[in-house]
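The block underneath contains the structure these notes are about, expressed in structure tokens.
The residues of the chain are indexed from 1 along the displayed sequence.
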Amino acid sequence: MAAPSARRCLGDMSWWLSAVTRPRGVAVLIAGFRRHHAGALPPEHISPSSAAVLSLLSSGLTLQPDFITAEEEAALCRELEPVLRKKRYESGHWDDAIHGFREVERLHWSPDSSAVIQRVRDKAFPPGENQLSLVHVLDLQKDGYIKPHVDSVKFCGSTIAGICLLSSSIMRLVSVDDPEERADLLLPRRCLYIMRSVYS
């Protein structure tokens, strides 16, 4: 298998990502490297431009609604709020992909939060796979947004797993090669979503 480029490849096409709608919310993101494995995408959570787009994306996307409980969400937010409160919302990211956000990378978690993070890792990665040790936490303001971008495999790995906290959001995936090829993905509050690169 050739080394992946800086594009996130799902099927035979490269896609860029934009979270287009999200009232204030927090995402907990875990990244690493993983070989292809079939995804699971509830049909009511995706609106593709065509059946071909659905087929292409389905193998690299997994979405599990209600992955964490309301109590687990509250515990994660209680742990993150004092850390995030010390940071101000920023208008621009180093790669200009995010606006109206606060972020932190965490290595150490409380026992309860560690158990949730471990469940995400267990679901997204098989034993022994390389993972990035830091967990990226992104908090968007009510009017914050993520601009269209292509994640760098060099910095994010070939798999990204995230939990939506505090609100639902819509993630739009659009082909880099053909902007008419797109899909909107509903990410419900407290869901787990996993995006995997698929290389042939």
E44 atom CD, neighbour heavy-atom count above 12 within 6.0 Å: yes
Do C164 and P188 have side-chain heavy atoms sitting under 4.5 Å apart? no
Measuring from atom CG of L57 to atom CG of L185, what distance do you get when rounded to the nearest 0.5 angstrom? 9.0 Å
Between CZ on residue F67 and CZ on residue R190, distance to nearest 0.5 Å: 13.5 Å
Which heavy atom in S133 sits nearest to a heavy atom in R121, and how many Å separate them? O-NH2, 3.2 Å
R78: which residues meet the side-chain contact (heavy atoms from CB on, under 4.5 Å) condition with it, sequence neighbours left out? A74, A75
Rounded to the nearest 0.5 Å, what separates atom CG in D184 from atom CZ in R172? 4.0 Å
Check whether any side-chain heavy atom of M195 lies under 4.5 Å from a side-chain heavy atom of T159, and answer yes or no. no
Is any side-chain heavy atom of I146 closer than 4.5 Å to a side-chain heavy atom of L138? yes
Any non-hydrogen side-chain atom of R106 less than 4.5 Å from a side-chain atom of H136? no
Between K123 and I194, is a side chain to side chain contact (heavy atoms under 4.5 Å, CB included) present by the stated rule, with each step listed? CA-CA 9 Å; K123 183 81 172 178; I194 303 169; 4.0 Å; yes
Name the residue from R85, R102, K87 that meets the side chain to side chain donor-acceptor pair (under 3.5 Å) definition with D139. R102
Check whether any side-chain heavy atom of W109 sits under 4.5 Å from a side-chain heavy atom of V116, and report yes or no. no
Evaluate the side-chain hydrogen bond (donor to acceptor under 3.5 Å, both in side chains) criterion for residues R196 and T62: first the C-alpha distance (whole Å), next the side-chain angles of each, then the deciding distance (0.1 Å), finally the verdict. CA-CA 8 Å; R196 295 183 176 96; T62 300; 3.1 Å; yes
Approximate separation, where rounding is to 0.5 Å, of L140 CG and S167 OG: 8.0 Å
Full working for side chain to side chain contact (heavy atoms under 4.5 Å, CB included) between S50 and E181: CA-CA 7 Å; S50 68; E181 297 292 319; 3.6 Å; yes
Show me the pairs that pass salt bridge (Lys or Arg N to Asp or Glu O under 4.0 Å) and involve residues 52-72, at least two apart or across chains. E72-R119
Could you check whether any side-chain heavy atom of R182 comes within less than 4.5 Å of a side-chain heavy atom of P48, counting everything from C-beta outward? no
Between CZ of R189 and CD1 of I163, what distance do you get to the nearest 0.5 Å? 13.0 Å
Could you please spell out the steps behind the side chain to side chain contact (heavy atoms under 4.5 Å, CB included) verdict for L84 and V104? CA-CA 7 Å; L84 289 170; V104 66; 4.1 Å; yes
In this structure, OG of S58 is separated from CG of L63 (nearest 0.5 Å) by 11.5 Å
Any chance you could lay out the side chain to side chain contact (heavy atoms under 4.5 Å, CB included) test for D112 and L76, step after step, and finish with the verdict? CA-CA 8 Å; D112 288 343; L76 283 165; over 6 Å; no
Do any N or O atoms from the side chain of E79 and from the backbone of S110 form a donor-acceptor pair under 3.5 angstrom? yes
